[in-house]
Number of protein chains: 2
Amino acid sequence: MARVTIRDVAKRVGVSEATVSNALADKPIVTAETKARVRQAAEELGYHISPIARALRTGQTGTVGIVVSNLANPFYADILLGISSVLTPLGYQTIICNTESRAELQEWHVTHLLRHMVDGIVLLSYSSETKATTRALAAGVPLVALWRRPGGSEVSFVGMDDPVAMRLALEHLWSLGHRRIGLLRAHAASSPSEARQNAYTEYLTGRGAPPLPGMVAGVDLSIEGSRDATLQMLDLPAPPTALIATSDLMALGVTMALAERGLAMPADMSVVGFEDTFIAGLPQIQLTAVSVPRRELGIHAAELLLERIADSSLPVRDVVLQPGFRIRSSTAPPQAG
Amino acid sequence: MARVTIRDVAKRVGVSEATVSNALADKPIVTAETKARVRQAAEELGYHISPIARALRTGQTGTVGIVVSNLANPFYADILLGISSVLTPLGYQTIICNTESRAELQEWHVTHLLRHMVDGIVLLSYSSETKATTRALAAGVPLVALWRRPGGSEVSFVGMDDPVAMRLALEHLWSLGHRRIGLLRAHAASSPSEARQNAYTEYLTGRGAPPLPGMVAGVDLSIEGSRDATLQMLDLPAPPTALIATSDLMALGVTMALAERGLAMPADMSVVGFEDTFIAGLPQIQLTAVSVPRRELGIHAAELLLERIADSSLPVRDVVLQPGFRIRSSTAPPQAG
DNA sequence: TTGAAAGCGCTACCAT
DNA sequence: ATGGTAGCGCTTTCAA
């Protein structure tokens, strides 16, 4: 059961290993006839190239790493699906690494991916630039940041138009008559989170209703975190009549808090989510939400990465996708009084 | 920026490459003092082993493959977390492959994992034995099946005690007074699905209430599939008063169907789910469910795999974990009449 | 157009 | 206890 090597094929055809290599790589230098004979023999022997040996020689492994903050979040899972939908058909293996949003795990994973000589890395919701990413760039390994933009440097970026997304949510609520609108934003100091808050402040200020203190809460992405933040907001002297949560999971946290206080949604509180995963569409949830084109985000990230793997001298690029908006039944006009 | 190799370290310390290799592998043959000097030099130069070169030589890559039927299902995501929680700290890279439950993609992924010389493969909800898995075993690559048991052969298996799980659900419903209990099982002819149906039939028959025709539906794992099946059951002359869905997502499909028909849960229909993911616990869902120890399943699978990676002569083993049961508000006594 | 041979970085053997 | 060296399977000059 020993492995079939290029040598076996060469012997079988009666040519050199070099010729087999060139033939299988479909190099123009080899005669069509020789190519045919080589392919035939390879087929018969069940030969397949060893990516490992090839990698040692060329430095190209045919694998790409994906570093993701939370694999168990359906939102990220959908994005991953988008990524592999382009990478897998091309024969790339994807090494998915989960970081639990922990900086040291991010670092660890990127370091290990580099040792394994991945051809490129997608940083999905990566918190910030690190020594490891710097090393990646220095080693010429292309990086694509997705969803969050880590500060600085030579990385391509795929994201959503956050100001537009925020305005979509605000316009909906404003037109329903809401004036005290709270915001639950991601706690981490990431660019999308900040862009959203800026758009939020700008919008409300522009309409003469600048947000009151306590109306913006920075939370982690967990359901519990948003639940707690919501409970705090409900204790404000003039609590919000509507809440914008910048992820579906956060919105679920809001609904938990409301349930605990015996408040009804949307009667007592309107809630707008972000993402619009399948959860938002469940009959019991029916969350009005900004919808994020998850698969498309993944697809674009993969394409940007491939582009730079093919030619690393290409400049980095940014792709910004437009959000949609889906009105369901978690929003309504505020109660009189 | 050329890579630091073992040769550089050897030169620096003034020993041979062989000694460096042995020292870093902590082989007892090397003096403690030499080891110290080698480690020191490696540190100073920023040397790290090349897993690729090592793999070419030893056949061990330090990577394991995970083939999963649906990455976007939070249930499987949780299991993956369990797997990596043991593999990652040990320095293993995990290559996660999504198959969308498609046989040809399963085959494709296993084949590619073998070419990449993974040290072992976890088959998470793998549908059936294939040429690729046979090849894996022939090549001496250990396989662990998780959740579903693919027919035959030399694979370790980690699963749940399905008969017990089913009885937990039935006992709960029976004691509430339900007698017409429907079952939504996975459509595929997998062993757990069948074990559950057998336990179901046996339980009800043993109590003199064998399931009527149409009370068991085989569905795919999607929300829509279960919705459709539920609608059909509701059209039966004597529709069930309770439904057991063998996954949380299926249970959500049931609730969709109920919502469409204007039926209330649990008043008009009790529903028991399987899995008990975070979705089941949401205030709007509150699904009574058999709870599956997802992380533990993953952890055991990883351990079984490591065991056989370390010593492939070890016999395959099975691990069967016990389910829990969580009563929430999707179940109640049947309505009078 | 094809072949011979070097070498990617490492480990395992055999000497010393 | 340490060193020399072959070779894992492949690609890539360079020569023929």
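These figures come from a predicted structure and were not determined experimentally. The sequence lines fix the lettering, A, B, ..., with proteins before strands; numbering per chain opens at 1.
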Trainee: When you measure from the side chain of B:R135 to the backbone of B:T111, do you find a donor-acceptor pair of N or O atoms at a distance under 3.5 Å?
Mentor: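 Such a contact is absent between B:R135 side chain and B:T111 backbone.
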Trainee: For residues B:Q93 and A:C97, report the shortest heavy-atom separation together with the two atoms involved.
Mentor: OE1-SG, 4.1 Å
Trainee: By the 4.0 Å heavy-atom rule, please label B:K35 as base, sugar-phosphate, or nothing.
Mentor: nothing
Trainee: Does C:dA12 have its OP1 or OP2 closer than 4.0 Å to a side-chain nitrogen or oxygen of B:K27?
Mentor: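 For C:dA12, OP1/OP2 do have a side-chain N/O of B:K27 under 4.0 Å.
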Trainee: Just N and O in the side chain of A:T34: are any of them under 4.0 Å from OP1 or OP2 of C:dT2?
Mentor: yes
Trainee: On DNA chain C, nearest-nucleotide positions of A:A18 versus A:I29: which is more 5'?
Mentor: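 Final value for this comparison: A:I29.
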Trainee: Rounded to the nearest Å, what distance is computed from the CG atom of residue A:L56 to the P atom of nucleotide D:dG9?
Mentor: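 Computing the A:L56:CG to D:dG9:P distance gives 12 Å.
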Trainee: In whole angstrom, what separates B:M117's CE from D:dC8's P?
Mentor: 12 Å
Trainee: To the nearest angstrom, how far is B:H116 atom NE2 from D:dG9 atom P?
Mentor: 16 Å
Trainee: Look at the side-chain N and O atoms of B:R54 and state whether any lies under 4.0 Å from the OP1 or OP2 oxygen of C:dT11.
Mentor: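 So the side chain of B:R54 is within the cut-off, an N or O lying under 4.0 Å from OP1 or OP2 of C:dT11.
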Trainee: Side chain of A:T31, heavy atoms from C-beta onward: which of D:dC10, C:dT1, D:dC8 has the nearest atom to it?
Mentor: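 Selected nucleotide (nearest to the side chain): C:dT1.
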Trainee: Please report, rounded to the nearest Å, how far the P atom of D:dG7 is from the CD1 atom of B:I6.
Mentor: 19 Å
Trainee: Round to a whole Å and report the spacing from CD of A:E17 to C1' of C:dT1.
Mentor: 18 Å
Trainee: Can you tell me how far C1' of C:dG9 sits from CZ of A:R115, to the nearest Å?
Mentor: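 Distance check: A:R115 CZ to C:dG9 C1' gives 15 Å.
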Trainee: Does C:dG3 have OP1 or OP2 under 4.0 Å away from a side-chain N or O of A:S16?
Mentor: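 Checking A:S16 against C:dG3: at least one side-chain N or O falls below 4.0 Å of OP1 or OP2.
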Trainee: Starting at atom CZ of A:R37, determine the distance to atom P of C:dT1, rounded to an integer number of angstrom.
Mentor: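 For the pair A:R37 CZ and C:dT1 P, the rounded distance is 15 Å.
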Trainee: Touch check for A:I52, heavy atoms < 4.0 angstrom, all strands: base, sugar-phosphate only, or nothing?
Mentor: nothing
Trainee: Are there over 12 heavy-atom neighbours, none belonging to A:E43, within less than 6.0 Å of that residue's CD?
Mentor: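 Incorrect, the count does not exceed 12.
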Trainee: Which residue, B:V15 or A:A53, contacts DNA chain D at a nucleotide closer to its 5' end, judged by nearest heavy atom?
Mentor: B:V15
Trainee: Verify, without hydrogens or angle tests, whether B:E17 (side chain) and B:A10 (backbone) share a donor-acceptor contact under 3.5 angstrom.
Mentor: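 No, the answer is negative, given that no donor and acceptor are paired below the 3.5 Å cut-off.
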Trainee: How far does NE2 of A:H109 sit from OG1 of B:T88, to the nearest 0.5 angstrom?
Mentor: 4.5 Å
Trainee: Which nucleotide in the list D:dT2, D:dG7, D:dG9 gets nearest to the side chain of B:R57?
Mentor: D:dG7
Trainee: Rounded to whole Å, please give me the gap between CG in A:D8 and P in D:dG9.
Mentor: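 Going from CG in A:D8 over to P in D:dG9 covers 9 Å.
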